[in-house]
Amino acid sequence: MKALDTWERVLLALIVAVYVGFGTGIDGFLSPYAVADSTYNVSEKALIALAMALLVVAGEIDLSIAATMALASLAMGFAMKAGAPLPVMLAVAAATGAACGALNGWLVTRWKLPSIVVTIGTLSLYRGLAQVVLGDQAITGYPETLSTWGNGSVGDVIGVPWLIVPIEFAVLLVAALAVGLFLHRTVHGRRLYAIGANPVASRFSGIAVDRYRFGLFVFAGLMAALAAVLLTGRIGSTRPNLAMGWELDAVTIVILGGVAIEGGRGSIVGTVLAAVLLGSFTFALGMLNVSGIVMSMIVGALLIGAMVLPRGVRHLRTRFA
Amino acid sequence: MTKPTTPMRREWLLLGIIVLLALAVGARAPVFLTWRNALDIGNDSAILAILVMGQMLVLLTRGVDLSVASNLALTGMLCALAAKAWPALPLPVLVLMACAIGAGLGFVNGFLIMRFQLPAIVVTLGTMSAYRGAIFVASGGAWVNDHQVHPAIKGLPRDTLLGLPMLIWCAAAVVVLALVLLRWRREGRELYALGGNPSAALYAGIPVSRRLVMAYTLCGALAGLAGLLWVGRYSIAFTELASGYELTVIAACVIGGVSIGGGVGTVSGAVLGVLFIGVINGALPVIQVSPFWQQAIAGAVILVSVVLNARADRHRGRQILERPAAALQGASA
């Protein structure tokens, strides 16, 4: 646990470094409005990263999570076109996400398949279905409420104008708190660590391993649906390439947050800190007019650096100890 | 290493499905069964076959290389830019350059995975975006268009030899080399041993780290070659070139019976996997199904074939207590 604490301190220091470094370099980067703006893009990614963190802790992975978002957004769009009111639209999105997750979970648990292969397959399947249904079209004309959820701030809703925390970020904080309490403060969370560390021993010690795995995949689908609702509301349309490639961002956040890819280690605090770090860093690069593809290059390099660094330090320590 | 019976039966089954599929499509649209169309499918599958041979070497070691498509695009772009800047470069130099750049990029993957004991999927996920971004940095976001692509690069896949395009000859050469490596060379056999049981391979005196780096370097070199051929065939190079193609490559491997858990897979199976994808993609426009279906069908086929593989494994009584997450851990497991 000690090492994890150290890693979270490193992340915290990096966040401070980003805000101080870019804050002195870029005019207006430290203004409250810019800080609030910097959370938009990362809030949705962090939501799916939370679910991904649970999966990775339990030794699984879900690469289809962004494609699930596309399908959930699509289902919500069709519900709207069919004249459904907002609550029904949300229910349809959630049901679609849960169904996508359940298919992943069923394939992984029933057929004993590695989740990486299954979810590469379902990534292709879900994204492909979104393309088949939508082609090169888009669904637009979402109700105003959705747009408020995506773009508004908490202050607007409760009537306190100076509270400019975006609703999306508030949702993320609530979700992170819930997931964090679940993982770190309940027996179910402890069991996820056990499953990730050694699934066979966990099964022999009486943990219903497959039931937990299945539940995690369904949860990932639900979180994807939530992220899809917020993202659709924010950009106001559904396209087949919605959230394209976000599964990689989510995995990057999780790994950068100190969750071990082989399972059994990691924390929600680290994941959220990594999300904030990535969000502020890419936002700063955006203000410097760095193009998106270069940003993803830097993020890729960060991902590798985040893994090499601790191992390199450990290596040096053993050499000079 | 596997008992030879089950994979053989599996390959005949796959071949049967491909033939049936081709005949069924041909019955509806006779144009599908012409020599010309077969050449088209062969041409379309050639680059995929080259990439699949490389990916297969990596999969055998319990790894995976998600950066092949980015490697392909980066190498293709660098070769196109080099040929644009120095038009005097002869073709052999370009081919060598493509293989060398690709091998270098693959070596980076292999080195990071071996030296720091990192999981292959995460490392190649990172290099996938890093290489993709490097294309933008190298080209400044500009496209290398048809008239700017060097005629030698454009000519390479189009030249014909004995009535077959060079592209198909290249793919055939790569397949034969892979076959020789994996069947008769010690280095190739050691890849199977390494994927089957890494610790046992180490105790048996196999240079595990060197073989790992070799697999990734070869995979990179083949991706580089494929990049040059891709740019030549479509005579264009841009940042998003072949984006997402790594999934098709992995799909072809999985359909061909190459196990993502390492140590299992044959060259003939992988080639059949490539042909299967080629026939499906060739058939969709012929029977007037929207090409938007391609990706969804590829996904469904991956799922069905891994489920079938899992059942075959169970019949043989393997993997009784094996962790499903073993594939995630790379060769460090």
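- Using a 4.5 Å cut-off between heavy atoms, A:V132 contacts chain B through both its backbone and its side chain.
- A donor-acceptor contact shorter than 3.5 Å is absent between the side chain of B:Y216 and the backbone of B:L105.
- Using cut-offs of 30° and 60° on the angle between ring planes, the pair B:W143 and B:F238 is parallel.
- The contact between B:A300 and chain A is made by backbone and side chain atoms together, counting heavy-atom distances below 4.5 Å.
- Heavy-atom distances place the side chain of A:S291, and not its backbone, under 4.5 Å from chain B.
- Within the 4.5 angstrom heavy-atom criterion, atoms from both the backbone and the side chain of B:T127 approach chain A.
- Side chain of A:S124 to backbone of B:Q295: a donor-acceptor contact under 3.5 angstrom is found.
- Proximity to chain A is absent for every atom of B:I135, based on heavy atoms less than 4.5 angstrom apart.
- Each of A:L248, A:T252, A:V294 has some count of heavy-atom pairs under 4.5 Å with chain B, and the biggest count is that of A:L248.
- Distance alone, capped at 3.5 Å, is enough to place a donor-acceptor pair between the A:Y126 side chain and the A:C100 backbone.
- Both the backbone and the side chain of A:I293 come within contact range of chain B, each with at least one heavy atom under 4.5 Å from a heavy atom of that chain.
- For the set B:I302, B:L247, B:V122, B:V123, the count of heavy-atom pairs under 4.5 angstrom toward chain A peaks at B:V122.
- The closest donor-acceptor contact from the side chain of B:T124 to the backbone of B:D65 lies at 3.5 Å or more, if one exists at all.
- Looking only at atom types and distance, the side chain of B:T75 has a donor-acceptor partner in the side chain of B:N71 under 3.5 Å away.
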